[in-house]
Amino acid sequence: MGSSALNLGNPRQALKHFQDASTAHHSEGEAYNGDAFPRGHAIYLARLAEAHLALGDIDAAVDTAHTAVTRLGGVTSARGTSTLHDLRQKLGRRRGVPVVADFLNYTADTA
């Protein structure tokens, strides 16, 4: 639901859905197993970063994006690479912000 809300231009609702899903998984003892599904976890984190960015929370966006890249590390995935590429393009509009510039430089070879 979070990705759908984000695709429909409602990042605030997307962020709520992402957070609710994470809370529900943790409270039920079924936290998303990012170790078993690194590509899926990285894509989820990249979409969460997009929601933060759309809401103007650049620090949270970049922090989450770094975690997404770490989770994706070593996983060969067209969908993961595409999602990272899309996120880098969106962050590129804020290239003048030092943390964004650092992230873009850090990920220049990965996208």
Side-chain angles (χ1 to χ4, degrees):
M1 289 186 344
S3 284
S4 293
L6 193 56
N7 290 342
L8 292 171
N10 192 339
R12 189 167 313 283
Q13 188 65 36
L15 187 61
K16 181 182 180 332
H17 286 303
F18 288 135
Q19 291 169 336
D20 288 350
S22 180
T23 300
H25 286 297
H26 287 290
S27 68
E28 295 171 9
E30 297 179 13
Y32 187 84
N33 189 340
D35 291 332
F37 305 102
R39 182 199 71 149
H41 193 211
I43 291 169
Y44 164 82
L45 290 170
R47 296 293 286 168
L48 177 59
E50 285 183 43
H52 282 300
L53 183 62
L55 292 170
D57 191 345
I58 296 171
D59 290 332
V62 171
D63 184 53
T64 305
H66 271 292
T67 305
V69 169
T70 299
R71 298 299 306 150
L72 193 58
V75 176
T76 303
S77 162
R79 186 168 171 221
T81 301
S82 175
T83 301
L84 177 58
H85 176 76
D86 292 346
L87 178 58
R88 289 185 82 253
Q89 282 188 314
K90 290 173 183 162
L91 283 166
R93 298 177 190 129
R94 308 274 179 105
R95 184 176 298 278
V97 178
V99 294
V100 172
D102 289 345
F103 176 79
L104 293 174
N105 288 335
Y106 174 73
T107 59
D109 294 335
T110 60

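Between Y44 and F18, the ring planes lie perpendicular to each other; the angle is over 60°, past the 30° to 60° tilted range.
Between H17 and A5 the shortest heavy-atom distance is CD2-CB, 4.2 Å. In this structure, A46 and T83 approach most closely via the heavy-atom pair CB-CG2, 3.5 Å.
Checked against salt bridge (charged side-chain N to carboxylate O under 4.0 Å, His left out), R94 has no partners two or more places apart in sequence or in another chain. Among residues two or more places apart in sequence or in another chain, the side chain to side chain donor-acceptor pair (under 3.5 Å) test is passed with D86 by none. By the side chain to side chain donor-acceptor pair (under 3.5 Å) test, Q89 pairs with no residue at all, sequence neighbours left out. Considering only residues two or more places apart in sequence or on other chains, S4 meets the side chain to side chain donor-acceptor pair (under 3.5 Å) condition with none of them.
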Please output the side-chain donor-acceptor pairs of residues 49-63 that fall under 3.5 Å, not counting sequence neighbours, one pair per line with the distance.
residue: E50; atom: OE1; partner: R47; partner atom: NH1; Å: 3.2
residue: E50; atom: OE1; partner: K90; partner atom: NZ; Å: 2.7
residue: D57; atom: OD1; partner: A60; partner atom: N; Å: 3.2

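The OG1 atom of T67 sits 6.5 Å away from the CG atom of L45 when rounded to the nearest 0.5 Å. Atom-to-atom distance recorded for L87:CG and I43:CD1 is 12.0 Å, nearest 0.5 angstrom.
A single hydrophobic cluster is not seen to contain both M1 and L48; linkage of ILVMFWY side chains at heavy-atom distances under 4.5 Å, directly or through other members, places them apart.
Within the structure, the salt bridge (charged side-chain N to carboxylate O under 4.0 Å, His left out) test picks out the following pairs touching residues 7-19 (sequence neighbours left out): K16-D20.
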